Amino acid sequence: MKKVSAKDEIIPDTELIQQQMKNVSKLVVNEAKISQIYNYKDQKSFMNLMTFDKKALVVVNADVQIMYDLSKLEYSLDETNKVVKITFIPKEEIKINPDIKIYDVEASRFNSFEGADYNKIQESVKKQFQEKILKSNIQANAQNRLISELGKFLVVTQSLGWSLQYQEKSINKLEDFSVLIP
């Protein structure tokens, strides 16, 4: 059995809570792989008499990550009333890393592929993937994972006899977070 000596350090509740809050930084809550095939077409006309087409088959495999930078989480400690007040939860960050491969490129001498075309394809792909993510359940899954992580704060505060608040509303159980997070 170990005796507590003057050299041993007893950590106050506030330090334990702050330590727990700082231990979480960038939290990747969801990863997905999305694949899509696109047909890229562009047309230039010459005095409305002739058209010059260019087209390509675009295959995209993308890694998508949804993360929260919880180092930006804002909170305050009310030591008198033993309350941890979370005042700000950062919005999720969505990172899309597309691997774009272009096949079957057809172009004419008067309408050839240029760097701007590749940039246009990349921007279009990112925009379409962003829309796809918004329509999917990826964000909902990410929010559920965030709520699960925030639940750790609830466990720590309750185990130390403290209470937890988010935007002036008491959090007594995990489900209380889901109502507050948009």
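Everything numeric in this text was worked out from a predicted model, so none of it was measured.
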Legend entry - Nearest heavy-atom neighbours spanning A62 and I96: CB-CG2, 4.2 Å
Inset, instruction - Please answer whether the main-chain N or O of E114 pairs with a side-chain N or O of D117 as donor and acceptor at a distance below 3.5 Å. - result: yes
Inset, instruction - For residues D176 and S170, report the shortest heavy-atom separation together with the two atoms involved. - result: OD2-O, 3.9 Å
Inset, instruction - Enter the distance from N172:CG to L154:CG here, rounded to the nearest 0.5 Å. - result: 7.5 Å
Legend entry - Side-chain donor or acceptor of Q65 paired with backbone N/O of E93 under 3.5 Å: no
Inset, instruction - Just jot down the side-chain hydrogen bond (donor to acceptor under 3.5 Å, both in side chains) partners of N39, sequence neighbours excluded, or say none. - result: none
Inset, instruction - Assess the side chains of E92 and Q139: does a donor N or O sit below 3.5 Å from an acceptor N or O? - result: yes
Legend entry - Which atom of K132 lies closest to which atom of S35, heavy atoms considered: NZ-O, 4.0 Å
Legend entry - Minimum heavy-atom distance P98-Q122, with the two atoms named: CG-NE2, 4.5 Å
Legend entry - From CA spacing to verdict: side chain to side chain contact (heavy atoms under 4.5 Å, CB included), F153, I171: CA-CA 10 Å; F153 299 143; I171 305 296; over 6 Å; no
Legend entry - From Y68 atom OH to I89 atom CD1, the distance as rounded to the nearest 0.5 Å: 9.0 Å
Inset, instruction - Please name the pair of heavy atoms, one in L57 and one in I37, separated by the smallest distance, quoted to 0.1 Å. - result: CD1-CG2, 3.4 Å
Legend entry - S136 (side chain) donor-acceptor with I133 (main chain) under 3.5 angstrom: yes
Inset, instruction - Find the distance between OG1 (T157) and CD (Q165) and round it off to the nearest 0.5 Å. - result: 10.5 Å
Inset, instruction - Please round to the nearest 0.5 Å and tell me the distance separating atom NZ of K173 and atom CD of Q158. - result: 10.5 Å
Inset, instruction - Drop me the distance from N97's CG to N61's CG, to the nearest 0.5 angstrom. - result: 12.5 Å
Legend entry - Cluster link Y75 to V155, ILVMFWY, side chain under 4.5 Å: no
Legend entry - Audit row: K120, D42, side chain to side chain contact (heavy atoms under 4.5 Å, CB included) steps and yes/no: CA-CA 11 Å; K120 190 175 173 183; D42 182 55; 4.1 Å; yes
Inset, instruction - Inspect the contact between R145 and E149 and indicate whether a charged nitrogen and a carboxylate oxygen are less than 4.0 angstrom apart. - result: yes
